[in-house]
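Before any comments, here is the structure.
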Amino acid sequence: MPWRLKSGIAVKFQYLPNILTIIRLLLAGPITLAILSGRPVWTISLFGIAALSDALDGFLARRYGWQSRLGAMLDPLADKVLLVSAFLSLTFIKALPLWLTLLVVGRDILIIAGTFVYHWVAGSIQFKPSRLGKLCTLLQLSLIMTALVSAALSYTKPVLILQPLVALFTIGSGLQYVVEWGKKGVRRIRRHHRG
């Protein structure tokens with residue numbers, strides 16, 4: 001009986017990571033509105049909840065094996081939507097420079113376009129973020145949170161310190177994806193022609 005009880009619990013809660021990811025995706029709208037309306041307490045609170053949900057859904061998926069194909073697609077999508085909307089909103093209120101936002105958005109467009117090109121030229125793709133990519137996302141999240149706090153306190157020095165670091169990792173991770181998946185695509189095409 002105990003194993004059945006545990007199995008039932010697993011089935012009941014296995015969708016929790018996906019639910020948390022969807023919540024994070026839906027929070028992008030309220031966070032954008034809070035930034036644009038100049039409500040720092042609301043913004044920081046909502047963004048903190050979104051960041052916590054990101055850490056929690058990843059932990060639950062790994063710890064209990066609650067991974068799914070839907071989650072694998074939704075998780076990076078939620079991250080991108082949250083990051084891009086926050087960067088655009090913070091740039092609009094002049095809390096972040098336009099050049100950095102264009103760099104961040106450009107990297108994401110490059111990765112998405114590269115995924116479609118790879119799928120079209122070389123076949124199916126199972127996309128997994130690299131360690132450098134994960135670190136880049138963490139730094140971008142840290143910059144957003146720092147910018148939100150700095151805007152509330154009117155103290156911009158921490159943001160200025162983080163900006164070149166985020167830019168460096170954004171460029172580096174973008175180049176890594178291009179090189180890594182470019183090599184994989186070439187190898188797969190060569191194997192296909194040999195076969």
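Since we're looking at a predicted model, the values are computed, not measured.
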Show the numbers, then the answer: is there a side chain to side chain donor-acceptor pair (under 3.5 Å) between Thr137 and Asp79? CA-CA 8 Å; Thr137 299; Asp79 288 342; 5.8 Å; no
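- Contact annotation: the side chain of Asn18 approaches that of Ser68 to within less than 4.5 Å [non-hydrogen atoms, C-beta and beyond].
- Note: Leu132 CG to Glu180 CD = 10.0 Å, rounded to the nearest 0.5 Å.
- Under the 4.5 Å side-chain criterion, counting only non-hydrogen atoms from C-beta, Asp57 is in contact with Arg24.
- Rounded to the nearest 0.5 Å, atoms CD1 (Ile23) and CD1 (Ile49) are 9.5 Å apart.
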Evaluation steps, side-chain contact (heavy atoms from CB on, under 4.5 Å), between Phe169 and Leu135: CA-CA 8 Å; Phe169 276 84; Leu135 182 56; 3.2 Å; yes
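- Looking only at side-chain heavy atoms (C-beta outward), Gln163 and Leu160 come within less than 4.5 Å of each other.
- No side-chain heavy atom of Leu16 sits less than 4.5 Å from a side-chain heavy atom of Leu56.
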For Ser89 and Thr32, run side-chain contact (heavy atoms from CB on, under 4.5 Å): C-alpha distance rounded to whole Å, both residues' side-chain angles, the deciding distance at 0.1 Å, then the answer. CA-CA 6 Å; Ser89 303; Thr32 298; 3.1 Å; yes
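- Between the CG atom of Leu27 and the CG atom of Asp54 there is a distance of 11.5 Å, given to the nearest 0.5 Å.
- Here the side chain of Tyr177 pairs a donor or acceptor atom with the backbone of Ser130 at under 3.5 angstrom.
- Here the closest heavy-atom approach between residue Leu110 and residue Gly174 is recorded as CD2-O, 4.4 Å.
- Scanning both residues, Val81 and Ser85, for their nearest heavy atoms gives O-OG, 2.7 Å.
- One distance of note links CD1 of Ile109 with NZ of Lys80; it measures 11.5 Å at 0.5 Å rounding.
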Please tabulate, for side-chain N and O atoms in residues 139-149, each donor-acceptor pair with protein atoms closer than 3.5 Å (sequence neighbours left out).
residue : atom : partner : partner atom : Å
Gln140  : NE2  : Thr170  : OG1          : 3.2
Ser142  : OG   : Leu138  : O            : 2.8
Thr146  : OG1  : Ser142  : O            : 2.7

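- No side-chain heavy atom of Val104 sits under 4.5 Å from any side-chain heavy atom of Leu83.
- In this view, Tyr64 and Trp66 satisfy the ring pair (Phe, Tyr, Trp, His ring centres under 6.0 Å) rule, not counting sequence neighbours.
- Within the model, atoms CZ of Phe92 and CG of Leu36 stand 6.5 Å from one another, a figure rounded to the nearest 0.5 Å.
- Note on Phe59: it clusters hydrophobically with Leu20, by side-chain heavy-atom contacts below 4.5 Å among ILVMFWY residues.
- Leu82 contributes atom CG, which lies 11.5 Å from atom CG of Leu26 (distance to the nearest 0.5 angstrom).
- Side-chain contact between Arg107 and Cys136 is present, with at least one heavy-atom pair separated by less than 4.5 Å.
- Cluster membership check: Ile31 shares its hydrophobic cluster with Val159, using side-chain heavy-atom separations under 4.5 Å among Ile, Leu, Val, Met, Phe, Trp and Tyr.
- Taken together through direct or relayed side-chain contacts under 4.5 Å among Ile, Leu, Val, Met, Phe, Trp and Tyr, Leu46 and Ile44 form part of one hydrophobic cluster.
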